[in-house]
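Contents: one structure, followed by commentary.
To find a chain, count down the sequence lines: A is the first, B the second, and so on, and within it residues start at 1.
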Amino acid sequence: MEEAIIIKGLIIFGIFAISLTIAAYETYFERVIAAYIQDRVGPDRAGPFGLLQPLADAGKLFFKEDFVPTLADKWLFIFGPALAMLTAMMTSAVIPFGDSIMYEGKEILVQAIEVNIGILWVFGVVSLGVYGILIGGWASNNKYSLYGAIRAASQNISYELAMGVSIIAIVMMSSSLSLRTIVEEQHGGNWNIFYQPLGFLIFLVCSFAECNRTPFDLPESENELVAGYHTEYGSMKLGLYLFSEYVNMFISSAVIATLYLGGFNYFGMDWVSTQLIGQFGETVGHNLATLLGVMVFFGKIFFFIFVFMWVRWTLPRFRYDQLMDLGWKALIPLSIVNLVITAAAELSGMALIVNWLGLAIFIGLAYAYSFLFTKTKASI
Amino acid sequence: MQLTNRAKKTDKTPLTLAERTYLPGIAKGMGITLKHFFSKKATIRYPEQKRYLGPIFRGHHILKRDEEGRERCTACGLCAVACPAEAISMVAAERAPGEENLYKEEKYAAAYEVNMLRCIFCGLCEEACPKEAVYLRHDKFVPVFTSRDQVIYGKDQLVEDMNERYERDAWTKEEMQKLWAQQKPVNY
């Protein structure tokens, strides 16, 4: 039992360390990808290929002046970035990073905590995350910061609705809130993205908004609002805000991969697993198969992180009313449509066919509607 | 009334449903950025790789020697007269017997100084020189200095080194482009 707890602790420690390392290197890769998309080279001076750049950035941030404005609410000003970072890190606890490790006949899950309310935990913590930004923006006692914070809050609340409704469709399919069960339901190529293409799109857009990434980076909007909610922040407090954004990006990539791309599942994993067990025996073979699954999962996460950055350097920022229109008038109705289609599909017993059929009918109806009623309307 | 040819006719036709979702447009844009991800980089990595400055670039001053290693400058002072910034000053001296291998003419510059704080790199000294002695190098900047006693360049910094003779390696645009193309990209 003791060893199991130690291994569990190591897994939790490892997940934290990996989250932080990946978040640090996301800052580096963001710059490299930006540079490549803009036909330039990017950071390549600090260490080989500029790989020590995150360390240099962190060192620089630590040595900058740690400034608290006189009229700011001092404790909340300090608490804001801490809360943002804390909530960003907490979400990783329920994500199943891999299958399980066999150790002395015991099976230990590669997951910090396995709770049967996993997805609720993610949502609860993510909705707390907005407090970090809101408190930071309010405590700064600066109207631009407050504007940024309010924008962040209303944006997060608006998009959380559509996100939640698109999740309900997933929960209806797997009839469980546990992320591990959702992943195991997708075993054997039954990835949710094939059943829920519309839901996937909605979830992807909403997670962009939840992470405050371009095109939804209105809380920051450096050229409209000075810098938004972190205008008054400097030194490592600013660093924590920016860093928590990158942690959030990693976590939401992980959640997308878990919910829609089958988590640690990959095609032909049963065959690989039996081969490995046949080759190396029950314990080692199983552990190797788990390791392979973890690697596949991280591959999916990295792909989505790349998509996050790719979109950032492609699309311009929304206007605020456009952002609200998209959230309330497009994504929420669409997610409800998706919910209805999924319900019909689950009831009919032929989930795949009915889902796609429902989607096709919906698109056809939308086209017919636009053809009949909006043809003469001049575009803006 | 049309004033220029740059005016573009705006498309006022209503957007189709696919256009109003913006998804095809977004996909197209992402395709364009992904294409740039794999395209050739325009970066010149400066300290390792230097851009060819061009055949008529005016940089560091040089006092040329002739083929036998004799200083060409005869200290006539025309460069100093031509200099609009009054950066050049010199002291003339007479060549002693036995110094014929050092100086080309009977008169030479015992001291020749260019004040780099004053110099505006206009190139008028080059044009004024009747002996083709003073040039502004096309391949070398005047290095950065941090104190005022480093800015007056004497003969020690100006007179040409016979081991590395200065030659202008391109005179036309075509020759320059050829040289430019030879610059090797630095990869690491």
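Taking CD1 from B:Ile44 and CZ from A:Arg40, the interatomic distance works out to 15.0 Å, rounded to the nearest 0.5 Å. Here the CG-CH2 distance, from B:Leu34 to A:Trp310, works out to 4.5 Å after rounding to the nearest 0.5 Å. Between A:Ile33 atom CD1 and B:Thr33 atom OG1 the span is 11.0 Å, to the nearest 0.5 Å. The line from CD1 of B:Ile32 to CD1 of A:Ile37 is 12.0 Å long, rounded to the nearest 0.5 Å.
Atom CZ of B:Phe145 is surrounded by more than 12 heavy atoms from other residues, nucleotides or ligands within 6.0 Å. The local environment of CD in A:Gln322 is crowded, with over 12 non-hydrogen atoms from other residues, nucleotides or ligands closer than 6.0 Å. Heavy-atom contacts from other residues, nucleotides or ligands closer than 6.0 Å to CE of A:Met324 number more than 12. No more than 12 heavy atoms of other residues, nucleotides or ligands sit less than 6.0 Å from atom CD of B:Glu86. The environment of B:Asn5 atom CG is sparse: at most 12 non-hydrogen atoms of other residues, nucleotides or ligands sit within 6.0 angstrom. Summarising the local packing, CD of B:Glu175 is surrounded by more than 12 heavy atoms from other residues, nucleotides or ligands at distances under 6.0 Å. Atom CD1 of B:Ile56 sits in a sparse spot, with 12 or fewer heavy atoms from other residues, nucleotides or ligands closer than 6.0 Å.
Of the two parts of B:Lys35, neither the backbone nor the side chain holds a non-hydrogen atom closer than 4.5 Å to a non-hydrogen atom of chain A. Neither the backbone nor the side chain of A:Leu326 comes within contact range of chain B; no heavy atom of the residue lies under 4.5 Å from a heavy atom of that chain.
Scanning all heavy atoms of the two residues, the minimum distance from A:Arg45 to B:Arg45 falls at NH2-CB, 3.7 Å.
A:Tyr36 and B:Phe37 have tilted rings, their planes meeting at an angle from 30° to 60° on a 0 to 90° scale.
The greatest number of non-hydrogen atom pairs below 4.5 Å with chain B, out of A:Leu315, A:Thr314, A:Asp39, is found for A:Asp39.
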